[in-house]
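Keep in mind that the numbers below use all heavy atoms, side chains included, and drop hydrogens, waters and symmetry copies. This structure is a prediction, so every number in the text was calculated from the model and none was measured.
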Amino acid sequence: VEVKDGEDVLYSLVYNITSDGLGLEVKIGQHPTANIELTIPETLDVNNSGYIMNVVSIADNAFIDCESFTSIEIPGKITSIGDNAFAGCIGVENIISYATIAPSTGENCFEGIADANLYVMSFDEYNKAPWNTFNILPLLYEYYADGYSLIFRILSDYSGLEVEIG
């Protein structure tokens, strides 16, 4: 599947059905040619047939040495990240994980990513290796007081927070 900016192909992703047949595993097809943000989709319409499958796994060596990734978005249905999946992705500054349960991780899956921010839904789930090597920050924070609620969300460019008052 090609990821484009207008007519320009930024990179491509390849999907394979997992060994249990219950979901899809993702890996890089064509490497990116410029600094980009990698967003792994949560689902895929298989062959544009209307049959939707969840993306549940990131393959071994899936994005190895993709030095031009500046951020990585991991969808909430990912349950496992393979060996060396993001090894050598030295340009990554931010990782966003929508999974409420930290995905299992293979060996050296984040090797070479240093000083990155990790935005998560649950601190407790990610307070273990290799996740705890990152600067862990809340993806969403809700505060309730005196009948009001405040919801804080990270801005898409990571420059600050947006606040919703309810």
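Below 30°, between 30° and 60°, or above 60°: for F86 and F110 the angle between ring planes is below 30°, a parallel geometry.
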**Request:** For side-chain contact (heavy atoms from CB on, under 4.5 Å), just list the numbers for N16 and L24, CA-CA rounded to whole Å, side-chain angles, deciding distance to a tenth of an Å, and then say yes or no.
**Result:** CA-CA 5 Å; N16 294 306; L24 296 172; over 6 Å; no
**Message:** Between V56 and L22, does the side-chain contact (heavy atoms from CB on, under 4.5 Å) criterion hold? Intermediate values first, please.
**Reply:** CA-CA 9 Å; V56 298; L22 299 177; over 6 Å; no
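Proximity of I95 to I74: side-chain heavy atoms (C-beta onward) are separated by under 4.5 Å at one or more points. Counting heavy atoms from C-beta on, the side chains of N117 and Y119 come closer than 4.5 Å. In this structure the side chain of P103 never reaches within 4.5 angstrom of the side chain of T79, judged on heavy atoms. Considering only heavy atoms from C-beta on, L13 comes within 4.5 Å of P41 through its side chain. In this structure the side chain of I90 never reaches within 4.5 angstrom of the side chain of I113, judged on heavy atoms. Contact check for V1 versus L44: side-chain heavy atoms found under the 4.5 Å cut-off.
Enclosure of atom CG in D20 by more than 12 non-hydrogen atoms of other residues, nucleotides or ligands within 6.0 angstrom is indicated.
Closest heavy-atom contact between C109 and I81: CB-CG2, 4.1 Å. When every heavy atom of V120 is checked against every heavy atom of I136, the shortest pair comes out as CG2-CG2, 3.7 Å. Among all heavy-atom pairs drawn from K128 and A102, the shortest one is CE-CB, 4.1 Å. Considering every non-hydrogen atom in both D83 and E107, the closest pair reads OD1-N, 2.7 Å. Considering all non-hydrogen atoms of both residues, A59 and K27 come closest at CB-CB, 4.1 Å. Pairing each heavy atom of F69 with each of P32, the nearest pair is CE2-CG, 3.7 Å.
Note: I58 CD1 to T105 OG1 = 11.0 Å, rounded to the nearest 0.5 Å. The line from CD of E93 to CD of E37 is 10.0 Å long, rounded to the nearest 0.5 Å. We find the CD1-CG distance between I101 and D124 to be 12.5 Å, quoted to the nearest 0.5 Å. Taking SG of C89 as the start and CD of E111 as the end, the distance is 11.5 Å to the nearest 0.5 Å.
Of the possible donor and acceptor atoms, none in the side chain of E73 sits under 3.5 Å from a partner among the backbone N and O of I96. In this structure, the side chain of S71 does not engage the main chain of N94 through any donor-acceptor pair within 3.5 Å. Within the 3.5 Å criterion, the main-chain N or O of A116 finds no donor-acceptor partner in the side chain of N135.
Between T18 and S57, the side chains place no donor N or O within less than 3.5 Å of an acceptor N or O (distance only, hydrogens not considered).
Linking ILVMFWY side-chain heavy atoms closer than 4.5 Å, directly or via other members, places Y51 and V26 in a single hydrophobic cluster. By the criterion of side-chain heavy atoms lying less than 4.5 angstrom apart, applied directly or through intervening Ile, Leu, Val, Met, Phe, Trp or Tyr residues, I28 is not grouped with V14; the two fall into different hydrophobic clusters.
Considering I72, N84, I40 in turn, I40 is the only one that fulfils the side chain to side chain contact (heavy atoms under 4.5 Å, CB included) rule with F63.
A ring-centre distance under 6.0 Å is not found for Y126 and F134.
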